[in-house]
Amino acid sequence: MFTKSQITIKPLIDYLREQNMLLDNVADILVKEGKALERRDLVAIEELAEKKSELMLNIQANDQRIKLHPDVEELKTTYADHVALIRQKLEACKKKNIINGKLIDMSIASCRRLTSVMMDLRDKNTKNMTYTDKGTTTARGLAIVNLQA
């Protein structure tokens, strides 16, 4: 267990500056994520998602330190401008994250439509669809072929 003398509490402004920097990093990640989504760069998207998650955990931890800080009441007075800026940055990050989420949803819908089109094409070009002993479908011959002896 820690005693009070073992716990080092930084000045409140240091935590606010850290929160500001973390939000700048999240904003940067969100811009990169949006570009990666447009390029459909799955490797970059995965890496950015991990970084974003890590940053969000750091933001939450720092927020807790701010809430528990002995000078927390100064957030409403001395540091009101800092708090307002942090809130603005947080809102901007939320909006960009929503946009990125919509890009993901649109990409998923596009993939589903493509899958549907491909399955329709397959079904139009095959006949006698049957199942194997493993439960997968197989096609027996082309539907287009019309042989007459």
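In this chain, residues are counted from 1 in sequence order.
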Are [X] and [Y] connected in the hydrophobic side-chain network, where two residues link if heavy atoms are under 4.5 Å apart?
X	Y	answer
Leu48	Val31	no
Ile104	Met106	no
Ile29	Leu22	yes
Val72	Ile9	yes
Ile86	Met21	yes

Exercise for review: Output, in order, the C-alpha distance, side-chain angles, deciding distance and verdict of side-chain contact (heavy atoms from CB on, under 4.5 Å) for Ile13 and Thr78.
Suggested key: CA-CA 10 Å; Ile13 189 67; Thr78 308; over 6 Å; no

Measure the shortest side-chain to side-chain distance between [X] and [Y] over non-hydrogen atoms and say whether it is less than 4.5 angstrom.
X	Y	value
Glu46	Leu42	no
Val26	Leu90	no
Thr77	Glu73	no
Asp14	Glu18	no

Sequence neighbours excluded and cut-off under 3.5 Å, please list the side-chain donor-acceptor pairs for residues 52-70, or say none.
{"from": "Lys52", "atom 1": "NZ", "to": "Glu33", "atom 2": "OE1", "distance (Å)": "3.2"}
{"from": "Lys52", "atom 1": "NZ", "to": "Glu33", "atom 2": "OE2", "distance (Å)": "3.1"}
{"from": "Lys52", "atom 1": "NZ", "to": "Asn97", "atom 2": "OD1", "distance (Å)": "2.9"}
{"from": "Ser53", "atom 1": "OG", "to": "Ala49", "atom 2": "O", "distance (Å)": "3.1"}
{"from": "Asn62", "atom 1": "ND2", "to": "Tyr15", "atom 2": "O", "distance (Å)": "2.8"}
{"from": "Asn62", "atom 1": "ND2", "to": "Gln19", "atom 2": "OE1", "distance (Å)": "2.8"}
{"from": "His69", "atom 1": "ND1", "to": "Asp71", "atom 2": "N", "distance (Å)": "3.0"}
{"from": "His69", "atom 1": "NE2", "to": "Lys10", "atom 2": "O", "distance (Å)": "2.7"}
{"from": "His69", "atom 1": "NE2", "to": "Leu12", "atom 2": "N", "distance (Å)": "3.4"}

Answer yes or no: are there more than 12 heavy-atom neighbours, outside [X] itself, under 6.0 Å from its atom [atom1]?
X	atom1	answer
Asp81	CG	no
Lys32	NZ	no
Lys51	NZ	no

Practice item. Give, for atom CG of Asn20 and atom CG of Asn25, the distance between the pair rounded to the nearest 0.5 Å. Key: 10.0 Å

Study note, to complete from the structure: When rounded to the nearest 0.5 Å, the distance separating CG of Asp41 from CD of Glu47 is 8.0 Å

Point to revise | Closest heavy-atom pair and its distance - Gly34, Leu103 | key: O-CD1, 4.2 Å

**Study point:** Where Cys93 and Leu30 come nearest, the two heavy atoms and their spacing
**Key:** O-CD1, 3.3 Å

Review point. Salt bridge between Lys94 and Glu91, side-chain N to carboxylate O under 4.0 Å?
Key: yes

**Study point:** Passing candidate, side-chain contact (heavy atoms from CB on, under 4.5 Å) with Thr115, options Met118, Met119, Arg112
**Key:** Met119

